[in-house]
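Everything below concerns the one structure shown next.
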Amino acid sequence: MSELDYKIIVGLEIHVQLATRTKMFCGCELVFAAEPNSRVCPVCLGLPGALPVMNRQAVEFAILTASALNCKIAEFTKWDRKSYYYPDLPKNYQISQYDLPVGENGFIEIPIAEGQTKKIRILRVHLEEDAGKNLHGENFSQVDLNRAGTPLMEIVTQPDMNSPQEVSTLAVELQRIVRFLGASEADMQKGHMRFEPNVNVVIKKDGSEFKTPITEIKNLNSFKALEKGTAFEVKRQLNEFLDSGEVAKSGNKKTFGWDDTRGVTVLQREKEEAHDYRYFPDPDLVPVVVNEKWLADIKSGLCELPLAMQKRFTADYSLGDYDAGVLTADKDTALFFDNAVKAGGDAKRICNFITQTGLKIANEKGCRVSELGISPQRLAELAKLLDAGTVSATAAAAIFEKMTQSDEMPQQIAESLNLIQKSDADELKKIVDDVITANQQAVEDAKCDGKKTKKAYGFLMGQVMQKTKGTANPQIVAKIMDERLKSI
Amino acid sequence: MDKKKINIEQVKQVAKLARLNLSEAEIAQFSTQMSDILQYVEKLDRLDTANIEPLAHCLPVSNCLREDIVKPSLGTEKTLANAPDSDGQFFIVPKILDEAGGP
Amino acid sequence: MQILELTCRQLRDKIAGGEVKSVDATTAVFEQIEKHDRQIGAYISTFKEQALAKAKQVDEKIAAKKPVGLLAGVPIAIKDNMCTTFGATTCASKILENFHSPYNATAVEKLLAADAVIVGKTNLDEFAMGSSTENSGLKKTVNPHDFSRVPGGSSGGAAAAVAAKMCFAALSSDTGGSIRQPASFCGIAGLKPTYGRVSRYGLVAYGSSLDQIGPLAKNVEDCALLLDVIAGHDEKDSTSVDEKTAPVRDWLSAVNNKPQNLKIAIVPELFKGADGEVVESVKKAIEIYKSSGAEIIEIKMPHFDYAIAAYYLIATAEASSNLARYDGVHYGHRTKNPADYIEVYSKSRDEALGDEVKRRIMLGTYALSSGYYDAYYLKALKVRNLIRSDFTAAFAKADCIVMPTSPTTAFKLGEKTNDPLQMYLADIYTIAVNLAGVPGISIPCGFDKNNLPIGLQIIAPAFAEEKLLQIAMLFENKTDFCKTAF
């Protein structure tokens, strides 16, 4: 295969579950892992006579996201029925948007290397209702309709991605965006994001180009699966091309399912008429007309997007891409960081507090760093104490932890815990002198340039720290120690 | 073949789409009757509709939106009350083998 | 006093005034049912015990001088395509024969809130698809005026029940004439309100963009009374029009006001398609309007003739999708011993759906299928727009349009069952009204040589029910054609 010169082409369809309280067209509550069939009403059960009414919040989330993805927002959209029979689809049609999606022709910027980004075009963003779930037993299948009618936003990109990494990067970036906007929890464990990449390969051979048949991969529910599935499919297509030489033509698009345990894609069986969905306008719903005022109201919910913020953190605060990425994985954390810096804390210090101590405690408590009870102002104060040498780095971490339980300012906490560093040179000089007098052998070892120098020096420093119960400012002690040893 | 007539094969295809397990007799009968109706419907072609907007709805309204407020669900028992087959938790159907039924 | 001869309005006033007991009216209705319904077959189900209990409750309320609703103690029937938590909701289909709805249709809720007594649920063409009630999957209904004839359809059971005094009025539905045509065949009044006027929530959908709930009653005044009860926006139906766009009025109070400077449009060309006796009666009716001061204007509606073709594409397309849910998976009939889950669908549907329903599902599926959508469904929607523009043009010149409700009087049972297209063509006068979404009423205007009732159809602009009812009332006040059987 190595002799093949080829280019990977991937477009992605992403289904994102919106963060509404209720379903798309009825008031049933969205509860993860609820009792089977307990969150079902006449509307989502598709009972005779029941009618759908759209959820305003879902429409607004979709418009908000489409705006953030730089789409042109439709002034007029409507709902269409997509017909197919499946047991998890009680009406045997899905309410979706066919020819007039909420948004069209946008783009998303994704980070591809340190400081580098790539624009991926967005074809469309539309709303639809989810189906229920079929669970397959030995001899029969079970149907649970709790999920039926859940609002989904489908985002379709142009085939602008050229590697499995780009595909998963886009997915991660989209997750950050919808979380920043509050449009989705985007919790992968709860199936809030589902991916369907369309993959093929353009092969250059003997001076001509050959395009392999496009395949759509289903059942991808994690970033890892998305990347692995896409990579697997590329290899499979290259091999198949070498075997059969089959090229893309109308009608030979295939659907594969991702088998996560075996790590392979499997061709799915399809019914011959599967693609005659007979779309037509849903007569039970009225059009959505988005006027300027409503759009402006919705757009007021827009915010600085994660990638922009990440770029700003690296440019303005001199953070590395990695740190800036960690901070902007979540909007509240990013804002918390930004506000602490704006309150006068040193960016690198604040970043360390958050990514080291903060995230660890937050993880244990199952909350965000911003929810630990420390205001950005207090964190900035702590950073200042550390900068000024008033407390040591170790002490600062202890103070951080204490701050999560107390409203006191870090200075007060440091005092009450006796963590203020001794920086009084006269007092420290006395202690250093005492240590030198009491440890002559170590002083000698420290002075001669031998194997024991470093160890002896460390011992002397340790003695000073012990005498001050760790409150001595190590920089100042070292300075005095050096002076004294030189003068002996 | 005149597109306005619907032959046996087409009737079978439509019946498959509509999930109707029609008998041969029904298929033959529908082929004749549907052809008659489609022939009658052909009269629409006499009208020039090139510049006419399709009218799916006569209503003068748009944006009938619901606030995102939770309303009571039926609960499992009532949801399954009319089910032809259930185990008290789920609707039961014969084992689904094809995975590509979904969108 | 014969209780059964009273109108809803009269009965309601007498019950509310303590002059008549609802229990007595309800008992009289059930006696009438027991006497005649074995032959007529209007009801699919009746709720005698529940009805008498409700009647008793209303009587007690009145005795205690508590306020009562607009239909206090009046026995009313419901077409069996509206969901009720009591009894089954069958749509006269084997596929829903044992279906029990966990909720009430909004219109039913409103009847109950108005203190009506629900007598039972009436027969119809399966899923309201038909013009004679012969497509019922559950039973046969005959015309109370002549047992060898059809009651009309699809609301044949409801119209027969009203005409045979087996209820005082009925709640019904009209997709292409299903209220007006049986009203015409049975000699009573039937109103199809403007699309969006009455909530469709709980009305089992046939053609969702055409379906509308309305009353079948003994006269125009009762139609106004029932409309007062059922009209209005419903947050559960996006297509029910808001109060600002279409305010609900007190039609019962307004109905007796005489319309001023009345201009009535007629379409002479359309009379060609109707029987001589029907045309004669309708022309006499027009003369009556003329003599009471109305101006008669002759107009053309060039696209009217295309309504049936457009309708049978649009309605069937919507129906093919609306009826997809009857699949034996979550409710309704399921075939025994299906080989796989696909057979649950295809066999359950084939076994339990009737011929006409299958035919319309097939036609609609075809009209929406890949390669045919533009030629059929989309074309029909464009023609629908042209038809509506005919009405818009007519209403720019006149307050209403008057024409026959049906080209014939009630035809013989079995006469048209073998030729679906001929059956469809009988809907020529009623269908365009649904496509345009405007209101229409059928009122009795004469009898043919067999003494069968003839219906006059009056059509008004969207949301002009007040004018429509007043115009109908004007005729009713000057004539005496309302005719119940027995």
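Owing to the predicted nature of the structure, the values given are computational and were not obtained by experimental measurement. Chain letters run A, B, ... following the sequence lines, proteins first, then strands; residues in each count from 1.
A donor-acceptor contact shorter than 3.5 Å is absent between the side chain of C:Arg334 and the backbone of B:Pro84. Remark: the backbone N or O of C:His100 is paired with a side-chain donor or acceptor of B:Asn82 at under 3.5 angstrom. The backbone N or O of B:Ala56 sits less than 3.5 Å from a side-chain atom of C:Arg384, completing a donor-acceptor pair. Looking at C:Lys382, its side chain never comes within 3.5 Å of a backbone N or O of B:Leu47 through a donor-acceptor pair. Distance alone, capped at 3.5 Å, places no donor-acceptor pair between the C:Arg359 side chain and the B:Gln33 backbone.
Atoms CE and OG1, from B:Met34 and C:Thr316 in turn, are 8.5 Å apart once rounded to the nearest 0.5 Å. Here CD1 of C:Ile361 is found 13.0 Å from CZ of B:Arg19. Values are rounded to the nearest 0.5 Å. How far CG of B:Leu20 is from CD of C:Glu351: 11.5 Å, rounded to the nearest 0.5 Å. Rounded to the nearest 0.5 Å, atoms CG (C:Asp350) and OG (B:Ser23) are 6.5 Å apart. The structure places CG of B:Leu55 at 9.0 Å from CG of C:Leu435, a figure rounded to the nearest 0.5 Å. For the atom pair OH of C:Tyr312 and CD1 of B:Ile37, the computed distance is 9.0 Å after rounding to the nearest 0.5 Å.
Put simply, of C:Leu323, C:Asp327, C:Ile308, the one with the most heavy-atom pairs under 4.5 Å next to chain B is C:Ile308. Counting heavy-atom pairs closer than 4.5 Å to chain B, the top-ranked of the candidates C:Gly437, C:Ser346, C:Ala309, C:Ala380 is C:Ser346. For chain C, the option among B:Leu22, B:Leu65, B:Asn63 with the highest count of heavy-atom pairs below 4.5 Å is B:Leu22. Interface check for chain B: of the options C:Leu421, C:Thr194, C:Val438, the most heavy-atom pairs under 4.5 Å are formed by C:Leu421.
Using a 4.5 Å cut-off between heavy atoms, C:Ala246 makes no contact with chain B at all. Looking at C:Leu313, only its side chain comes within 4.5 Å of chain B, counting heavy atoms on both sides. Both the backbone and the side chain of C:Asp305 come within contact range of chain B, with heavy atoms under 4.5 Å apart. Interface residue C:Leu353: only side-chain heavy atoms are found under 4.5 Å from chain B. Neither the backbone nor the side chain of B:Leu80 comes within less than 4.5 Å of any heavy atom of chain C. Contacts between C:His333 and chain B at a heavy-atom distance below 4.5 Å are absent for every atom of the residue. Only the side chain of C:Phe463 has a heavy atom closer than 4.5 Å to any heavy atom of chain B. With a 4.5 Å cut-off on non-hydrogen atoms, B:Ala81 does not touch chain C at all. Heavy-atom distances place no part of C:Tyr103 under 4.5 Å from chain B, backbone and side chain included. Proximity to chain B involves both the backbone and the side chain of C:Val329, based on heavy atoms less than 4.5 angstrom apart. Interface residue C:Leu425: only side-chain heavy atoms are found under 4.5 Å from chain B. Within the 4.5 angstrom heavy-atom criterion, atoms from both the backbone and the side chain of C:Thr239 approach chain B.
Counting only heavy atoms from C-beta outward, the side chains of B:Cys58 and C:Arg388 approach each other to under 4.5 Å. Put simply, the side chain of B:Glu26 reaches to within 4.5 Å of the side chain of C:Asp355, judged on heavy atoms. Between B:Val11 and C:Met362, the closest side-chain pair of non-hydrogen atoms falls below 4.5 Å. Counting heavy atoms from C-beta outward, B:Leu17 and C:Ser369 have side chains that approach closer than 4.5 Å. C:Tyr306 has its side chain within reach of B:Lys43: a pair of non-hydrogen atoms, C-beta onward, lies under 4.5 Å apart. In this structure, C:Asn385 and B:Pro54 have side chains that are not in contact, with every pair of non-hydrogen atoms separated by 4.5 Å or more.
Across B:Pro94 and C:Val344, no two heavy atoms sit closer than the pair CD-CG2, 3.5 Å. Nearest heavy-atom pair across B:Leu44 and C:Lys379 is O-CE, 3.1 Å. B:His57 approaches C:Tyr195 most closely through the heavy-atom pair CE1-CE2, 3.2 Å. In terms of heavy-atom proximity, B:Leu38 sits nearest to C:Tyr366 at CD1-CE2, 3.4 Å. Closest heavy-atom contact between C:Glu235 and B:Lys71: OE2-NZ, 3.8 Å. A pairwise comparison of heavy atoms in C:Ser238 and B:Val61 identifies O-CG2, 4.5 Å as the closest pair.
With no hydrogens or angles considered, a side-chain donor-acceptor pair links C:Tyr372 and B:Gln10 at under 3.5 Å.
By the neighbour-count criterion of 12 heavy atoms within 6.0 Å, atom CD of C:Glu243 is densely surrounded, having more than that number from other residues, nucleotides or ligands.
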